[in-house]
Amino acid sequence: MTTHAPFTAIHILNGPNLNRLGTREPQIYGTTTLADIETMARRAAGDRPLEFRQSNSEQQLIEWIHDATDTAAGLIINPAAFTFTSMAIMDALKMFPRPSIELHISNIHRREAIYHNSYMSGVVTSVIAGLGARGYVHAVHAMAELIDTPKDTD
Ligand code: CA2
């Protein structure tokens with residue numbers, strides 16, 4: 001882990017099985033690997049510091065959200081299957097006080113009903129889904145804009 005000046009970095013967290021991306025179900029998830037996605041995200045971030053992490057563990061993801069709460073300017077998370085199961089991750093995200101984006105490679109709403117009810121969507125700033133691996137690039141650009149645009153005060 002790298003230490004950055006406080007509240008400058010974008011943190012990108014990836015949930016279970018995403019470390020296996022590019023190896024199965026290319027019709028849904030494409031052929032891009034998570035390492036390719038990290039390269040794309042770093043390019044999109046330019047000079048802005050970026051933390052890019054993946055874990056198969058709910059506990060680890062919660063600890064990383066706490067870490068982001070203490071240090072990050074913005075948080076992008078693809079919680080993968082925890083999207084539909086984890087009130088603990090939802091509670092951690094609820095406490096994140098700066099811009100947050102829930103990100104999915106596939107359009108979860110076009111898929112089977114089990115993929116329709118995200119615990120996360122009601123507590124994040126924004127949701128991006130269905131843009132494939134390029135969704136990470138769009139999410140980084142959107143996050144940079146959210147961070148740099150002063151909040152509406154009305
Ligand atoms: O579309 C997304 O990004 C998802 O968050 C991916 C999750 C799935 O549970 C969500 O519904 C939508 C699954 C990630 C599975 O990762 C794979 C790993 C290897 C091959 C194919 C998929």
Side-chain angles (χ1 to χ4, degrees), residues 1-2 9-46 48-147:
M1 201 194 324
T2 325
I10 295 173
H11 288 206
I12 303 182
L13 304 183
N14 295 282
N17 299 308
L18 287 165
N19 54 321
R20 307 288 292 168
L21 213 56
T23 63
R24 281 180 45 240
E25 301 186 85
Q27 70 287 0
I28 301 176
Y29 299 111
T31 54
T32 311
T33 66
L34 197 63
D36 296 332
I37 288 177
E38 178 172 356
T39 302
M40 290 158 60
R42 288 196 183 284
R43 197 172 300 143
R48 195 182 294 269
L50 184 82
E51 286 291 333
F52 191 95
R53 301 170 179 170
Q54 188 277 333
S55 177
N56 296 321
S57 147
E58 187 176 23
Q59 177 183 344
Q60 178 65 86
L61 289 163
I62 290 165
E63 282 167 9
W64 283 341
I65 294 168
H66 295 167
D67 177 39
T69 300
D70 294 339
T71 64
L75 174 62
I76 298 168
I77 183 165
N78 183 346
F82 289 139
T83 307
F84 316 102
T85 63
S86 180
M87 290 187 67
I89 290 181
M90 178 192 77
D91 281 343
L93 277 180
K94 210 186 271 181
M95 292 186 275
F96 184 77
R98 289 171 294 282
S100 57
I101 298 178
E102 173 189 356
L103 171 65
H104 299 283
I105 295 166
S106 61
N107 179 353
I108 54 176
H109 301 289
R110 277 185 74 170
R111 300 181 61 191
E112 302 93 305
I114 52 164
Y115 295 109
H116 293 178
N117 293 313
S118 166
Y119 276 112
M120 314 301 153
S121 301
V123 302
V124 291
T125 310
S126 162
V127 180
I128 295 175
L131 297 174
R134 294 278 308 162
Y136 284 76
V137 171
H138 294 298
V140 168
H141 289 150
M143 181 55 75
E145 199 171 305
L146 285 168
I147 291 167

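Keep in mind that this is a model prediction, so the values were computed, not measured. Note that ligands are numbered from 1 as they come in the structure, with each ligand's atoms numbered from 1 the same way.
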- Query: Touching ligand 1 at all, Asn78? Heavy atoms, strictly under 4.0 Å?
  - Reply: yes
Within ligand 1, which atoms have a heavy atom of [X] less than 4.0 Å away?
X      : result
Arg20  : 18 (C), 19 (C), 20 (C)
Arg111 : 11 (O), 12 (C)
Ala80  : 5 (O), 7 (C), 9 (O)
Tyr115 : 11 (O)
Phe84  : 10 (C), 11 (O)
Leu18  : 14 (C)

Hey, does [X] come in under 3.5 Å of ligand 1, counting only N/O atoms on both sides?
X      : result
Tyr29  : no
Ile105 : yes
Ser106 : yes

- Message: Do Asn14 and Tyr136 pair up side chain to side chain, a donor and an acceptor below 3.5 Å, judged on atom types alone?
- Response: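 Yes.
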- Asp36 and Thr39: side-chain donor and acceptor closer than 3.5 Å? no
- Query: So does Asp70 have more than 12 non-hydrogen atoms from other groups sitting under 6.0 Å from CG?
  - Reply: yes
- Does CD belonging to Glu112 count more than 12 external heavy atoms closer than 6.0 Å? yes
What protein heavy atom sits nearest [atom], and how far away is it?
atom                    : value
atom 9 (O) of ligand 1  : Ala81 N, 3.5 Å
atom 18 (C) of ligand 1 : Asn17 O, 3.1 Å
atom 4 (C) of ligand 1  : His104 ND1, 3.7 Å
atom 20 (C) of ligand 1 : Arg24 O, 3.3 Å

- Message: Once you measure the plane-to-plane angle for Tyr115 and Phe84, does it fall in the parallel (<30°), tilted (30-60°) or perpendicular (>60°) bin?
- Response: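 The rings of Tyr115 and Phe84 stand perpendicular, inter-plane angle above 60°.
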Do side-chain atoms of [X] reach the backbone of [Y] as a donor and acceptor pair under 3.5 angstrom?
X      : Y      : value
Thr125 : Ile101 : no
His116 : Arg111 : yes
Gln54  : Gly15  : yes

- Non-hydrogen side-chain atoms of His11 and Thr71 separated by less than 4.5 Å: yes
